[in-house]
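Here's the structure, in structure tokens; my notes come after.
Numbers here simply count residues along the sequence, with the first being 1.
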Amino acid sequence: MAAMAAAAKLLLGLVMLVGCAAADSHRYRPGDAVPLYANKVGPFHNPRVNHRCTRFSFILFSHIDFAPCSETYRYFDLPFCAPDKVKDKIEALGEVLNGDRLVDAPYKLDFRVDFDAKSVCSRRLTKDDVVKFRHAVSKDYYFQMYYDDLPFWGFIGTKPEKADAGDKYYLYRHIIFDILYNNDRVIEINVHTDQNAVVDLTEDKELDVEFLYTAKWKETQIPFEKRMEKYSSSSVMPHHLEVHWFSIVNSCVTVLLLTGFLATILMRVLKNDFVKYSHDEEEPDDQEETGWKYIHGDVFRFPTNKSLFSAALGTGTQLFALTTFIFLLALVGVFYPYNRGALFTALVVIYALTSGIAGYSATSFYCQLEGKNWVRNLLLTGCLFCGPLFLTFCFLNTVAIAYNSTAALPFGTICVIVLIWTLVTFPLLVLGGIAGKNSKNDFQAPCRTTKFPREVPPLAWYRRTIPQMAMAGFLPFSAIYIELYYIFASIWGHRIYTIYSILFIVFIILLIVTAFITVALTYFQLTAEDHEWWWRSFLCGGSTGFFVFAYCLYYYRERSDMSGFMQTSFFFGYMACICYAFFLMLGMVGFRATLLFVRHIYKSIKCE
């Protein structure tokens with residue numbers, strides 16, 4: 001426990017370091033150079049924008065997050081004014097995973113220095129350059145930059161919205177920066193364009209273009225500590241909070257009504273069963289047993305494929321610990337808006353540090369099930385989630401490389417991740433496995449298992465595995481589906497999610513409902529004298545993952561404007577991995593809750 005506490009402190013320190021390393025370097029004197037980095041460009045309709053929005057709503061970009069979009073490219077992939085040698089900013093691991101590729105911008109915005117229509121460069125656009133810009137304008141490309149670690153966005157061009165205006169495409173050549181300052185600190189930056197300074201890109205011909213920019217400084221009373229608040233203000237606007245709280249109330253009412261109904265029935269039935277079985281114990285021994293007591297000699301018979309089962313439990317336990325740590329960091333404010341790469345850094349570090357939990361949980365349970373080849377079980381545990389994730393990553397990274405997207409990880413970053421897995425994740429997994437093997441815990445079964453298994457009687461169709469999974473997954477999904485839209489809009493869309501407290505409440509509700517519905521279905525399974533509940537409880541608990549993936553199909557078709565092979569493959573590839581993680585984590589929760597319940601009811605009766 002001391003080692004885990006030390007690891008947690010180290011983790012918190014590392015993640016806090018990501019967000020606070022540059023916190024002391026934001027003071028400037030008039031005329032000082034302020035760092036300005038160009039990040040990336042990409043289509044605005046990747047993957048989602050409200051169809052009622054117009055291009056003029058771009059002034060609200062301060063409240064919108066563009067980081068998760070998959071189809072983004074380097075800023076100088078378009079023929080902007082570029083220096084002779086483009087200088088890349090040294091980025092942290094999380095920033096690279098986030099798709100950030102920061103380079104020195106072609107603009108120079110010194111602190112509190114105003115100027116008007118300053119030339120960036122004059123250049124001749126070739127026909128190929130015109131085609132590139134026209135394609136970008138037709139796709140509503142935006143650019144993203146960072147000024148003193150403050151993100152801002154702007155469109156690179158415009159096209160007429162009226163159908164009768166013809167296919168005209170215009171490139172903005174004059175950008176205006178409006179910057180607010182308080183004393184010696186930069187507080188806010190916004191960008192807009194001169195609508196009269198445009199270049200017609202409609203025809204394939206060479207063009208001479210002079211790119212201009214203007215800087216306007218204005219004093220404000222907003223303190224430096226609150227300069228990031230506007231980036232999350234849209235998440236806490238009254239109408240958004242109303243929807244979030246409606247989601248919470250809807251979930252709570254649904255959970256209370258359905259779980260209360262099931263609990264009442266279950267407790268009443270269990271009470272009658274206990275009374276009946278206590279009376280049966282006073283009756284002659286030749287009286288035939290029925291119901292769940294009848295299979296007391298088989299209910300604790302170990303499942304088939306015990307190595308795979310233990311590995312799934314271990315991996316699910318690790319993912320549960322990972323999710324818990326992420327929520328703790330979110331609730332203490334580590335993942336504030338545009339703390340570039342903090343979430344990805346935390347995911348990588350926490351996953352590496354919690355691999356020992358997976359090794360211990362899987363191996364100790366495998367040994368309790370009287371498994372012999374614990375080494376193979378440990379290797380299976382290490383590959384059960386990482387294997388599919390690695391294969392998916394290899395395919396999608398190849399796609400990103402083919403598209404020359406910033407979503408493609410550089411070779412050096414891949415080497416760093418491999419080193420983390422080799423030097424941290426795998427050793428901790430092995431140490432956890434050794435500790436689990438040496439724990440010497442026996443499986444606590446209140447009833448002796450018979451030598452030969454009973455035959456499971458024929459079951460009605462609705463008692464089979466797939467219908468039971470459908471019933472088990474529907475209730476937890478109904479408790480979270482409203483909040484899912486905001487999560488998807490944050491991961492794959494143009495919004496930022498900051499109300500982690502509400503999300504944490506939804507997560508707790510999800511765990512409670514998953515545990516309860518799995519226990520209820522297992523009880524009804526045992527009353528039907530079906531003792532093969534081990535895998536069934538895991539599958540029923542994890543079935544919510546299938547519902548989430550079904551929601552992915554709905555979101556892709558009805559809620560998003562995604563198109564093209566890259567966007568589609570990234571969406572379904574990574575969402576499949578996330579849903580698989582949901583399946584393993586909630587499957588573990590469902591089985592653990594069911595195991596406690598089954599042990600409890602069989603302890604309460606006299607088993608011969």
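- Separating the CD1 atom in Ile189 from the CG atom in Leu36 is a distance of 6.5 Å, to the nearest 0.5 Å.
- Arg559 forms no cation-pi arrangement with Tyr486, by the criterion of a distance under 6.0 Å to the ring centre and an angle within 45° of the ring axis.
- For the pair Arg592 and Phe365, the cation sits on the ring face: its NZ or CZ lies under 6.0 Å from the ring centre, inside 45° of the axis.
- By the 30° and 60° cut-offs, the orientation of the rings of Phe152 relative to Phe143 is perpendicular.
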Next item on the list: Could you check Asp77 against Arg101 for salt bridge (Lys or Arg N to Asp or Glu O under 4.0 Å), going step by step and ending with a plain yes or no?
Entry: CA-CA 12 Å; Asp77 283 350; Arg101 302 293 186 269; over 6 Å; no
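- For Leu553, the CG atom counts as densely surrounded, since its 6.0 Å shell holds more than 12 non-hydrogen atoms of other residues, nucleotides or ligands.
- Checked against a 6.0 Å centroid threshold, the rings of Phe546 and Phe583 count as neighbours.
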Checklist line | Intermediate values then yes/no, side chain to side chain contact (heavy atoms under 4.5 Å, CB included), Phe488 and Met575 | finding: CA-CA 10 Å; Phe488 273 60; Met575 284 311 304; 3.5 Å; yes
Checklist line | Leu484 and Phe477: CA distance, side-chain angles, deciding distance, side chain to side chain contact (heavy atoms under 4.5 Å, CB included) verdict | finding: CA-CA 9 Å; Leu484 273 182; Phe477 178 77; 3.5 Å; yes
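- With contacts defined as side-chain heavy-atom distances shorter than 4.5 Å, the pair Thr425/Leu429 does not qualify.
- Here the CG atom belonging to Leu379 is positioned 9.5 Å from the CH2 atom belonging to Trp374, to the nearest 0.5 angstrom.
- Using a 4.5 Å cut-off on side-chain heavy atoms (C-beta onward), Phe572 and Phe549 make contact.
- Between Tyr554 and Tyr551, the ring centre distance stays below 6.0 Å.
- Interatomic distance, Leu343 CG to Leu329 CG, rounded to the nearest 0.5 Å: 9.5 Å.
- Thr522 and Arg536 form no side-chain donor-acceptor contact under 3.5 Å, judged by distance and modelled atom types alone.
- Here the OG atom belonging to Ser307 is positioned 9.5 Å from the CG atom belonging to Leu378, to the nearest 0.5 angstrom.
- With contacts defined as side-chain heavy-atom distances shorter than 4.5 Å, the pair Phe390/Trp421 does not qualify.
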Notebook entry, point to check: So Thr594 and Thr518, side-chain hydrogen bond (donor to acceptor under 3.5 Å, both in side chains) or not? Walk me through it.
Noted result: CA-CA 7 Å; Thr594 303; Thr518 308; 5.2 Å; no
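- For Phe507, the CZ atom is densely surrounded, since the number of other residues' heavy atoms within 6.0 Å is greater than 12.
- Going from atom CZ of Arg74 over to atom CG of Asn39 covers 10.0 Å, rounded to the nearest 0.5 Å.
- Under the 3.5 Å distance criterion, with hydrogens and angles disregarded, no donor-acceptor pair is assigned to the side chains of Tyr360 and Thr317.
- Taking the six-membered ring wherever Trp is involved, the centroid distance between the rings of Phe570 and Tyr574 falls below 6.0 Å.
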Checklist line | Worked check of side chain to side chain contact (heavy atoms under 4.5 Å, CB included) between Trp535 and Leu308 | finding: CA-CA 10 Å; Trp535 274 108; Leu308 178 60; 3.9 Å; yes
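- Of all heavy-atom pairs spanning Ala311 and Ala362, the tightest one is CA-CB, 4.1 Å.
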Item checked: Candidate pair Lys40 and Asp100, rule salt bridge (Lys or Arg N to Asp or Glu O under 4.0 Å), full reasoning -> CA-CA 7 Å; Lys40 50 193 173 184; Asp100 292 331; 3.5 Å; yes
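- Side-chain contact between Val96 and Pro410 is present, with at least one heavy-atom pair separated by less than 4.5 Å.
- In this structure, CZ in Phe582 is found 9.0 Å from OG1 in Thr514, a value given to the nearest 0.5 Å.
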Item checked: Stepwise side chain to side chain contact (heavy atoms under 4.5 Å, CB included) check, Leu409 with Phe393 -> CA-CA 10 Å; Leu409 293 189; Phe393 162 76; 3.5 Å; yes
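- Residue Phe302 places its CZ atom among more than 12 non-hydrogen atoms of other residues, nucleotides or ligands, all under 6.0 Å distant.
- Tyr403 OH: more than 12 foreign heavy atoms inside a 6.0 Å radius.
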